[in-house]
There are 2 protein chains.
Amino acid sequence: MVEKPSRRDQILNAAAELFARHGFHGVGIDDIGAAVGISGPALYRHFRSKDAMLGEMLTSISERLLDGGQSRVDAASDAEEALRELVGWHVDFALDDPALITVQMRNLANLTDPDRRRVRALQRRYVEVWVETIRRTVPGFDEPTARAAAHAVFGLINSTPHSAHLDRDQMAALLSRMALASLTPAVVAS
Amino acid sequence: MVEKPSRRDQILNAAAELFARHGFHGVGIDDIGAAVGISGPALYRHFRSKDAMLGEMLTSISERLLDGGQSRVDAASDAEEALRELVGWHVDFALDDPALITVQMRNLANLTDPDRRRVRALQRRYVEVWVETIRRTVPGFDEPTARAAAHAVFGLINSTPHSAHLDRDQMAALLSRMALASLTPAVVAS
DNA sequence: GAAGGAGGTTAGCAGCCGTTCACTTTGTCG
DNA sequence: CGACAAAGTGAACGGCTGCTAACCTCCTTC
């Protein structure tokens with residue numbers, strides 16, 4: 001017996017899909033309602049506002065990313081394995097929830113100020129996990145360079161919603177190999 | 001004597017900056033006007049509509065990317081050099097015009113249907129230039145894989161507006177090395 | 001030095017869209 | 001069964017925003 005998702009989650013999923021495709025301001029309240037079979041204002045029984053939907057969506061994504069990444073790193077026995085796990089984790093996330101990844105990349109600017117602060121704080125911590133792991137495997141990187149490299153790898157992996165013409169496993173393998181190759185000690189040479 | 005940019009170009013540049021930061025729908029006509037020192041409706045002396053601004057912006061970006069990429073490839077004497085040139089070209093573009101790159105990545109969905117068709121056609125041709133070059137240097141890639149790899153490299157390079165804490169030359173070097181490393185024959189092994 | 005076009009201004013309209021309101025339906029529980 | 005809360009509905013409001021209209025001011029040009 002499958003446990004059906006709560007109405008809140010149905011709405012959040014539908015909204016994520018729409019936000020990813022048309023952008024936050026390109027989607028109306030009525031569109032979101034229609035996507036879950038109810039109409040317009042009924043959403044206000046579940047969320048305080050449209051902004052609140054985006055806020056909850058982005059904070060939950062950021063938390064999931066951080067928690068998953070942190071625990072994978074903690075479970076790894078050496079630095080190389082930690083990096084492989086981190087890459088695999090992010091690749092899986094991007095492939096399984098392309099809409100969420102897209103929204104997280106594009107719609108930070110549409111958040112309320114307090115929400116944006118919260119999300120950015122979580123994102124920063126996630127980046128730090130990557131920075132530390134990268135620096136442990138590629139000792140030549142100084143901190144700012146490692147941070148830039150982390151952002152670049154995010155861009156590489158997060159690009160998957162825009163191509164998607166490979167099947168999931170091939171895509172996962174390709175992205176993982178590309179990501180790891182771009183983080184080898186060879187690239188650090190001046 | 002510096003030749004000053006035409007008013008149209010001033011407007012386009014200001015609009016690109018604003019669209020990149022706040023998204024197409026997040027920017028008002030008055031905001032764009034204020035950014036160039038005139039106010040609101042005066043823009044309609046230069047553009048038919050707000051949509052037309054975005055349309056012209058994105059088509060011109062796509063044309064520049066395609067032309068620059070194609071001519072670099074044509075001028076190269078072998079496949080490896082062609083790929084290096086292509087990477088360098090895209091990196092330079094992304095570093096010199098971060099706002100344009102951001103708008104092109106995020107605001108395709110806000111285009112008019114005919115504009116979107118035009119832009120996508122140009123983008124497809126640009127991707128094909130990459131795909132051919134990649135396949136010539138990394139023979140193991142089949143076409144769909146090479147296409148996915150090209151998109152991934154775009155994501156990697158286009159991520160630069162979101163990090164930006166390195167100086168330009170270091171950033172260019174880092175991104176170029178990472179991009180080339182992710183496209184080496186080693187990654188093709190199953 | 002009139003004529004006229006290019007580029008600017010402010011006021012205002014029309015439509016969209018997030019949100020609220022008053023009301024109904026549905027399901028649960030004493 | 002009666003009651004009450006949860007969830008949904010259509011109507012309406014209010015503010016924002018893209019765009020037009022009407023008018024003004026230069027600058028060029030014959």
Side-chain angles (χ1 to χ4, degrees), chain A residues 1 3-59 103 106-116, chain B residues 1 3-59 103 106-116:
Chain A
M1 175 165 179
E3 51 180 68
K4 60 184 176 188
S6 74
R7 189 109 259 207
R8 279 181 73 88
D9 292 341
Q10 284 183 46
I11 295 171
L12 244 35
N13 287 339
E17 207 76 41
L18 289 169
F19 290 165
R21 205 172 1 249
H22 305 108
F24 182 70
H25 290 292
V27 177
I29 279 294
D30 293 341
D31 300 324
I32 305 173
V36 295
I38 67 184
S39 229
L43 297 173
Y44 288 81
R45 301 288 162 187
H46 305 275
F47 295 92
R48 211 184 317 104
S49 68
K50 192 187 170 194
D51 290 323
M53 289 186 217
L54 186 65
E56 189 163 325
M57 194 181 303
L58 288 196
T59 22
V103 173
R106 298 190 183 169
N107 292 48
L108 238 178
N110 299 309
L111 284 174
T112 309
D113 284 333
D115 279 339
R116 182 167 44 247
Chain B
M1 172 167 179
E3 50 179 68
K4 60 184 175 188
S6 74
R7 192 108 259 213
R8 280 182 73 87
D9 292 341
Q10 284 182 47
I11 294 172
L12 245 35
N13 288 339
E17 207 75 42
L18 290 169
F19 290 165
R21 208 175 353 254
H22 304 108
F24 182 69
H25 290 293
V27 177
I29 279 294
D30 293 340
D31 300 324
I32 304 173
V36 296
I38 67 185
S39 232
L43 297 173
Y44 289 82
R45 301 287 164 190
H46 305 275
F47 295 93
R48 211 184 319 102
S49 67
K50 192 186 168 194
D51 290 322
M53 288 186 217
L54 185 65
E56 188 163 327
M57 195 181 300
L58 288 197
T59 22
V103 174
R106 297 190 182 169
N107 293 51
L108 239 178
N110 300 307
L111 283 173
T112 309
D113 283 334
D115 279 339
R116 183 167 44 247

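Note that these values count all heavy atoms, side chains included, but never hydrogens, waters or copies made by symmetry. Numbers restart at 1 for each chain; the letters A, B, ... are given by sequence-line order, proteins then strands.
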Does A:Phe19 reach the side chain of A:Arg106, with side-chain heavy atoms less than 4.5 Å apart? no
Here the residues of residues 29-40 of chain A within 4.0 Å heavy-atom distance, strictly under, of DNA chain D are A:Ile38, A:Ser39
With rounding to the nearest 0.5 angstrom, report the CZ to CZ distance, A:Arg8 to A:Phe47. 4.0 Å
Once you round it to whole Å, what is the distance between P of D:dA7 and CZ of A:Arg8? 11 Å
Give, for atom CG of A:Leu58 and atom CG of A:Leu111, the distance between the pair rounded to the nearest 0.5 Å. 4.5 Å
Using a 4.0 Å cut-off on heavy atoms, which residues in residues 41-59 of chain A reach DNA chain C? List them by number, or say none. A:Pro41, A:Tyr44, A:Arg45, A:Ser49, A:Lys50
If only atom types and distance count, is the side chain of A:Ser6 paired as donor or acceptor with the main-chain N or O of A:Asp9 below 3.5 Å? yes
Can you check the B:Leu18 CG to D:dG18 P distance for me, whole Å? 12 Å
Main chain of A:Gly28, side chain of A:Asp31: is a donor-acceptor contact present, judged purely on distance under 3.5 Å? yes
Hey, does the side chain of A:Arg7 come within less than 4.0 Å of D:dA6's phosphate (OP1/OP2), counting only N and O? no
Distance from A:Ile38 atom CD1 to A:Arg7 atom CZ, nearest 0.5 Å? 5.0 Å
I would like to know whether B:Asp113 and B:Arg116 meet side chain to side chain contact (heavy atoms under 4.5 Å, CB included); could you show each step before the answer? CA-CA 5 Å; B:Asp113 283 334; B:Arg116 183 167 44 247; 2.4 Å; yes
Under the side chain to side chain contact (heavy atoms under 4.5 Å, CB included) rule, what do A:Ile29 and A:Met53 come out as? Steps first, then yes or no, please. CA-CA 11 Å; A:Ile29 279 294; A:Met53 289 186 217; 4.1 Å; yes
